[in-house]
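For this chain, numbers begin at 1 and follow the sequence in order. Quick note: numbers below take in every heavy atom, side chains included, and nothing from hydrogens, waters or symmetry partners.
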Amino acid sequence: MLAAAALRRLDEDLPWYRALPADDRSYVGLVAQSGITAFVTWYANPASPPHGVSEIFAAAPSELTRSISLQHTLQLVRIVVEVVEAYSDRLAIPGGERDLREAVLRYSREVAFSAAEVYARAAEVRGAWDARLEALIVDALIRGDGDDSLRSRVSALGWGGQGSTLVMVGTATSALDDLRTAELRRATRRAAGDALVGIHGDRLVLVLGGAGDLQAAAASLLPRFGPGPVVIGPTVPSLDDAARSAQAALAGLAAAPAWPQAPRPVLADDLLPERVLTGDTTARRTLVVQAYRPLLESTGAILETLSAYLGTGRSLEAASRSLYVHPNTVRYRLRKVAEITGWDPLDARESFVLQVALALGQLSAGPSGR
């Protein structure tokens, strides 16, 4: 009688219960029946401590905690308590209604604590599982092992997949225990719509995703890193391309000591010359494609002027004498170099980038230089 009345109240009062699949509704019914039976058994001998409370939720699978939250479970307990109280005049012996109500309150308290324990245990298991899955995903991105299952696995961690993605790497703080790691995950997820955290020895890898300014989000997380260089990989269209951003960021981290004056954080694409020195073929190809070839294909002796300018110690006058042109002509052509490549030869750092690109292009072109 109590179980039937409780299920009717659940269906009447709780919209989320009515929306549950049939299997989950049946499991909730089993839990309610188990709880009422355990209470009746205990009430027959109230001198003993409440027993069987921890077994109430054994009737349902652990996956039910994903469909029904702790708040929902406490709503179930409250309604069952109200039903038992409503029927107390029919259940208790005359004059024992008050004792029955007190017993219901005492037992419902034990049930509530038991429910909290079930959900806490499920949260711990889920948290440990999520951390292992997250570590595997970040490790796969670092190795470039992305496959068709990557998106389904990352979706299990709540990755929305809206917007772009980038990878940020640097050293981890010296004392990154479980508590600080959890705080780091929360801070990372506040900074970006989607986030993954990987800790590989003394190296910290953050994968950020979303529709906002990811580079600004990455810069805001700089205090979370330890000492040394922090490198931000290029922004890529989606998580499917995140391995490319991760590999560029890691290559930049390895090459960063060659540029002591580099900003912190520094973009991986700003470390292209240093990455070339470490044998990074992607950086080599990028410099040739983005700098040398556009200059080679340009008209107006742009490439020849840049070569003369760099070869004469970055002197406008010396370059103009070697080319038999006016210094203003050299200056005009160098502005064209900046427009074509995005690197300004009049800037000390960017002229170094162009010089490396020019050398790489000439090496790839062979003795003819074409």
Side-chain angles (χ1 to χ4, degrees), residues 138-146 164-171 198 200 203-208 214-215 218-219 225 228-298 302-303 306-307 310-311 314 337-366 369-370:
V138 174
D139 187 59
L141 292 176
I142 289 176
R143 297 196 314 269
D145 292 344
S164 306
T165 304
L166 64 74
V167 178
M168 182 181 189
V169 299
T171 58
H200 295 253
R203 192 168 58 189
L204 177 61
V205 181
L206 303 183
V207 183
L208 308 181
L214 294 183
Q215 289 190 3
F225 287 82
V230 177
V231 182
I232 300 175
T235 302
V236 294
S238 68
L239 186 69
D240 296 333
D241 304 305
R244 178 160 56 88
S245 181
Q247 290 165 4
L250 292 170
L253 186 65
W259 185 17
Q261 296 79 26
R264 188 174 186 269
V266 60
L267 298 179
D269 286 349
D270 289 343
L271 289 162
L272 289 173
E274 289 76 16
R275 288 165 55 188
V276 170
L277 295 177
T278 63
D280 185 355
T281 57
T282 299
R284 179 189 183 106
R285 183 170 56 253
T286 300
L287 284 175
V288 171
V289 170
Q290 295 185 5
Y292 179 76
R293 287 183 185 172
L295 293 174
L296 181 64
E297 296 167 359
S298 64
I302 301 298
L303 181 60
L306 176 63
S307 179
L310 295 175
R314 296 172 174 79
V337 170
E339 293 175 6
I340 293 171
T341 67
W343 285 289
D344 184 0
L346 299 179
D347 177 87
R349 168 66 189 178
E350 295 183 14
S351 68
F352 169 65
V353 176
L354 289 168
Q355 188 161 19
V356 173
L358 188 61
L360 293 172
Q362 291 168 336
L363 286 173
S364 64
R370 301 294 294 178

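- Between V207 and L239 the shortest side-chain heavy-atom distance falls below 4.5 Å.
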Walk me through it: do Y292 and L360 pass the test side chain to side chain contact (heavy atoms under 4.5 Å, CB included)?
CA-CA 8 Å; Y292 179 76; L360 293 172; over 6 Å; no

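- The two residues A251 and D280 have their closest heavy-atom pair at CB-OD2, 3.3 Å.
- Expressed to the nearest 0.5 Å, how far CG of L253 lies from OG1 of T171 amounts to 8.0 Å.
- Between R314 and E350 no salt bridge is recorded (no basic side-chain N to carboxylate O distance below 4.0 Å).
- Although no hydrogens or angles enter the test, the distance criterion places no donor-acceptor pair under 3.5 Å between the side chain of S351 and the main chain of L346.
- Between the OG atom in S298 and the CD1 atom in I340 there is a gap of 4.5 Å [rounded to 0.5 Å].
- Not a single donor-acceptor pair under 3.5 Å links the side chain of T165 to the backbone N or O of V236.
- In this structure, CZ in R293 is found 12.0 Å from CG in L287, a value given to the nearest 0.5 Å.
- Between the CZ atom of R285 and the CG atom of L272 there is a distance of 11.5 Å, given to the nearest 0.5 Å.
- L208 approaches L214 most closely through the heavy-atom pair O-CD1, 3.8 Å.
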Working note: Q215 + L267, criterion side chain to side chain contact (heavy atoms under 4.5 Å, CB included); need CA distance, chi angles, decisive distance, verdict.
CA-CA 9 Å; Q215 289 190 3; L267 298 179; 3.9 Å; yes

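- Contact record, S245 with P234: OG-O, 2.8 Å, taken as the closest heavy-atom pair.
- Across all their heavy atoms, A258 and E274 have their closest contact at CB-CG, 3.6 Å.
- Closest non-hydrogen pair, G233 versus L166, comes out as O-CB, 3.9 Å.
- A distance of 10.5 Å separates CD of E339 from CG of D344, quoted to the nearest 0.5 Å.
- Of the options L296, V288, L303, a side chain to side chain contact (heavy atoms under 4.5 Å, CB included) to L358 is made by L303 and by none of the others.
- Separating the CZ atom in R275 from the CG atom in L250 is a distance of 10.0 Å, to the nearest 0.5 Å.
- Inter-residue side-chain proximity for R349 and V353 is flagged as met; some heavy-atom pair is nearer than 4.5 Å.
- The two residues I232 and M168 have their closest heavy-atom pair at CG1-CG, 4.1 Å.
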